[in-house]
Peer 1: 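To start, I am sharing the structure in question, which I have written as structure tokens.
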Amino acid sequence: MIAMGRTNPTFRDVLRSVEDRWTPFRRALRYEDQQRFDRLLGHARTHADAAGNLNHHSPIVPVLLAIGLAQERRLDELEARLDELEGEIGEQANRTDALEAQIDDLGHQYDEISAENETSPHERTG
């Protein structure tokens, strides 16, 4: 009798075996790096369906591609946030420049008013 069904393991099965092989490496990492390592493999799990369609002979290739894709997305998000923050800083700088200009104008007005109110000694006696 011929067994019907999948003859190749799913990519999720392959990924579990990759994770098992990398367990000693993970254990040797510092705790915070273990969390990063887990996040990286999580990216591979997130893209498991796409990686399964690749059916590559080396399971590490789709794992690394999924990690790279996730990192690229993260960079795009960080660059967008950076652009947003730089825009906000630019707006604040423009407001600061405008306030400094107003302060300068007020200072000049104060100087003019002070000069008008000052009288020389011969003008008072004259």
Side-chain angles (χ1 to χ4, degrees):
M1 175 179 234
I2 299 175
M4 300 298 284
R6 200 171 185 91
T7 57
N8 294 328
T10 67
F11 184 75
R12 291 182 194 284
D13 295 333
V14 170
L15 185 55
R16 274 191 286 279
S17 71
V18 167
E19 290 173 342
D20 290 344
R21 284 193 307 266
W22 282 84
T23 298
F25 175 82
R26 183 190 179 281
R27 272 195 228 122
L29 295 172
R30 292 188 175 122
Y31 176 74
E32 61 272 7
D33 288 334
Q34 287 178 5
Q35 293 175 323
R36 292 179 182 111
F37 180 81
D38 293 344
R39 253 192 333 261
L40 291 176
L41 289 180
H43 297 315
R45 281 189 292 281
T46 299
H47 295 89
D49 292 337
N53 287 326
L54 182 60
N55 198 21
H56 198 277
H57 66 277
S58 173
I60 201 68
V61 171
V63 168
L64 294 175
L65 188 56
I67 290 169
L69 181 61
Q71 294 296 313
E72 188 68 20
R73 182 183 339 106
R74 186 168 183 230
L75 284 172
D76 288 345
E77 291 167 358
L78 289 171
E79 287 174 351
R81 180 66 179 137
L82 180 61
D83 289 345
E84 180 183 321
L85 291 172
E86 286 176 339
E88 290 175 13
I89 289 170
E91 290 173 12
Q92 290 294 332
N94 290 340
R95 285 189 207 125
T96 300
D97 290 344
L99 288 173
E100 287 175 350
Q102 288 178 346
I103 290 169
D104 286 344
D105 287 345
L106 289 173
H108 292 304
Q109 290 175 10
Y110 175 81
D111 291 343
E112 289 173 4
I113 291 170
S114 295
E116 289 174 6
N117 289 333
E118 288 180 7
T119 55
S120 63
H122 69 276
E123 289 177 346
R124 278 187 236 150
T125 58

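Atoms considered below: every heavy atom in the structure, side chains included; atoms not considered: hydrogens, waters and symmetry mates.
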Peer 1: Say you draw a straight line from CZ of Arg16 to CZ of Arg45; how long is it, rounded to the nearest 0.5 Å?
Peer 2: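 The CZ atom of Arg16 sits 9.5 Å away from the CZ atom of Arg45.
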Peer 1: Nearest 0.5 Å, what's the CG-CG distance between Asp38 and Asp33?
Peer 2: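 Rounded to the nearest 0.5 Å, the CG-CG separation comes to 11.0 Å.
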Peer 1: Check Ala44 against Ala66 and note the closest heavy-atom contact, atom names and distance.
Peer 2: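 Smallest heavy-atom distance, with atoms named: CA-CB, 3.7 Å.
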Peer 1: Report the distance from atom OG1 of Thr46 to atom CG of Leu41, rounding to the nearest 0.5 Å.
Peer 2: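 So the OG1 of Thr46 and the CG of Leu41 are separated by 10.5 Å.
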Peer 1: Are any of the side-chain nitrogens in Arg73 or Asp76 under 4.0 Å away from the carboxylate oxygens of its partner?
Peer 2: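 Between Asp76 and Arg73 there is no salt bridge, as every charged N stays at least 4.0 Å from the carboxylate O atoms.
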Peer 1: Give, for atom CG of Leu65 and atom CD1 of Ile60, the distance between the pair rounded to the nearest 0.5 Å.
Peer 2: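 It comes to 11.5 Å.
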Peer 1: Could you check if a side-chain atom of Phe11 sits within less than 4.5 angstrom of a side-chain atom of Val18, using non-hydrogen atoms only?
Peer 2: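 They are not in side-chain contact.
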Peer 1: Does any part of the side chain of Arg26, heavy atoms only, come nearer than 4.5 Å to the side chain of Thr23, both counted from C-beta?
Peer 2: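 When only atoms from C-beta onward are counted, Arg26 and Thr23 do not touch, as no gap falls below 4.5 Å.
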Peer 1: Side-chain contact, heavy-atom cut-off 4.5 Å: His43 with Leu64?
Peer 2: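 Side chain of His43 against side chain of Leu64, heavy atoms only: no contact under 4.5 Å found.
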Peer 1: Under 4.0 Å between a side-chain nitrogen and a carboxylate oxygen: does that hold for Arg74 and Glu77?
Peer 2: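 Not counted as a salt bridge, because no side-chain N and carboxylate O are separated by less than 4.0 Å.
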Peer 1: Any ion pair linking Arg95 and Glu91 (charged N to carboxylate O, less than 4.0 Å)?
Peer 2: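 Here Glu91 pairs with Arg95 in a salt bridge, since their nearest N and O are under 4.0 Å apart.
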Peer 1: So, do Gln102 and Asp105 sit near enough that their side-chain heavy atoms are less than 4.5 Å apart?
Peer 2: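 When only atoms from C-beta onward are counted, Asp105 and Gln102 do not touch, as no gap falls below 4.5 Å.
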Peer 1: Drop me the distance from Ile67's CD1 to Phe37's CZ, to the nearest 0.5 angstrom.
Peer 2: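 Rounded to the nearest 0.5 Å, the CD1-CZ separation comes out at 8.0 Å.
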Peer 1: Under 4.5 Å between side-chain heavy atoms, hopping through other hydrophobics if needed: is there a path connecting Leu29 to Trp22?
Peer 2: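 Result: yes, single cluster for both.
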Peer 1: Taking atom types as modelled, is there a side-chain donor on Thr10 or Asp13 under 3.5 Å from an acceptor on the other?
Peer 2: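 Judged by distance alone, the side chains do pair up.
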Peer 1: Do Val63 and Leu40 make a side-chain contact, defined as non-hydrogen atoms from C-beta onward lying under 4.5 Å apart?
Peer 2: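 No, too far: nothing below the 4.5 Å cut-off.
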Peer 1: So how far is it from Gln109 CD to Glu112 CD, rounded to the nearest 0.5 Å?
Peer 2: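 The distance works out to 7.0 Å.
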